[in-house]
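All values below were derived from every heavy atom in this structure, side-chain atoms included, with hydrogens, water molecules and symmetry-related copies excluded. Keep in mind that what you see is a predicted model, and the values were worked out from it rather than measured.
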Amino acid sequence: QVQLVESGGGLVQPGGSLRLSCAASGFTFSFYAMTWVRQAPGKGLEWISGITNGDGITTYADSVKGRFTISRDNAKNTVYLQMNSLKPEDTAGYYCNAKWQGSSLVVSRNYWGQGTQVTVSS
């Protein structure tokens with residue numbers, strides 16, 4: 001059974017910090033690139049960060065660059081998102097995504113977690 005379970009969300013004041021976790025099971029985690037995506041109420045999905053499965057290269061959306069840090073621990077099958085200097089506009093459901101693309105480019109796999117809510121408010 002494939003599972004991605006996000007945790008760590010909650011209510012935080014502007015300027016505060018949260019650390020999200022995404023625990024994976026049911027697939028070979030180390031083979032997958034991992035991303036974090038968020039969706040604010042009434043808005044579409046926004047990609048915010050990714051980390052490769054190979055060299056662990058990280059990328060960030062401009063909206064979170066310098067404030068968020070993505071990391072992974074393959075031994076724990078977990079990807080993290082450290083969120084600092086949170087702003088009200090960061091309020092959203094945060095989702096973990098795992099993606100694998102076969103070298104042949106014919107087969108791909110894409111898994112999603114259930115999400116965890118982050119609310120930034122005074």
Please output the side-chain donor-acceptor pairs of residues 21-33 that fall under 3.5 Å, not counting sequence neighbours, one pair per line with the distance.
none

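- Taking NZ of Lys99 as the start and CG of Asn110 as the end, the distance is 6.5 Å to the nearest 0.5 Å.
- Contact check for Phe68 versus Leu86: side-chain heavy atoms found under the 4.5 Å cut-off.
- The side chain to side chain donor-acceptor pair (under 3.5 Å) analysis of residues 43-55, with sequence neighbours excluded, yields the pairs Arg38-Glu46, Glu46-Ser63.
- Screening residues 70-82 for salt bridge (charged side-chain N to carboxylate O under 4.0 Å, His left out) gives no qualifying pairs among residues at least two apart or on separate chains.
- Judged as a disulfide bond (SG atoms under 2.5 Å apart), not a single pair has a partner in residues 51-87 (not counting sequence neighbours).
- Cluster partners of Tyr80: none. The rule joins Ile, Leu, Val, Met, Phe, Trp and Tyr whenever side-chain heavy atoms lie under 4.5 Å apart, and it links nothing here.
- When side chains are defined from C-beta on, Leu81 does not count as touching Thr69, because their heavy atoms never get closer than 4.5 Å.
- The side-chain hydrogen bond (donor to acceptor under 3.5 Å, both in side chains) test applied to Arg109 returns no partner, not counting sequence neighbours.
- Contact of the Thr116 side chain with the Leu20 side chain is registered, since non-hydrogen atoms from C-beta on lie closer than 4.5 Å.
- Although no hydrogens or angles enter the test, the distance criterion places a donor-acceptor pair under 3.5 Å between the side chain of Glu6 and the main chain of Gln114.
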Quiz: residues 12-19 side-chain donor-acceptor pairs under 3.5 angstrom, not counting sequence neighbours:
| residue | atom | partner | partner atom | Å |
| --- | --- | --- | --- | --- |
| Ser17 | OG | Asn84 | OD1 | 2.8 |

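- By the salt bridge (charged side-chain N to carboxylate O under 4.0 Å, His left out) test, Lys65 is found to be paired with Asp62, residues two or more places apart in sequence or in another chain being considered.
- Applying the disulfide bond (SG atoms under 2.5 Å apart) rule to pairs touching residues 25-71 yields nothing, sequence neighbours excluded.
- Residue pairs that meet the disulfide bond (SG atoms under 2.5 Å apart) test with at least one member in residues 29-78, sequence neighbours left out, do not exist here.
- Ser103 is linked by a side-chain contact (heavy atoms from CB on, under 4.5 Å) to nothing, counting only residues two or more places apart in sequence or in another chain.
- Residue pairs satisfying the disulfide bond (SG atoms under 2.5 Å apart) criterion with at least one member in residues 45-80, sequence neighbours excluded, are absent.
- No donor-acceptor pair closer than 3.5 Å links the side chain of Asn97 to the backbone N or O of Met34.
- Put simply, the side chain of Trp36 does not reach to within 4.5 Å of the side chain of Val64, judged on heavy atoms.
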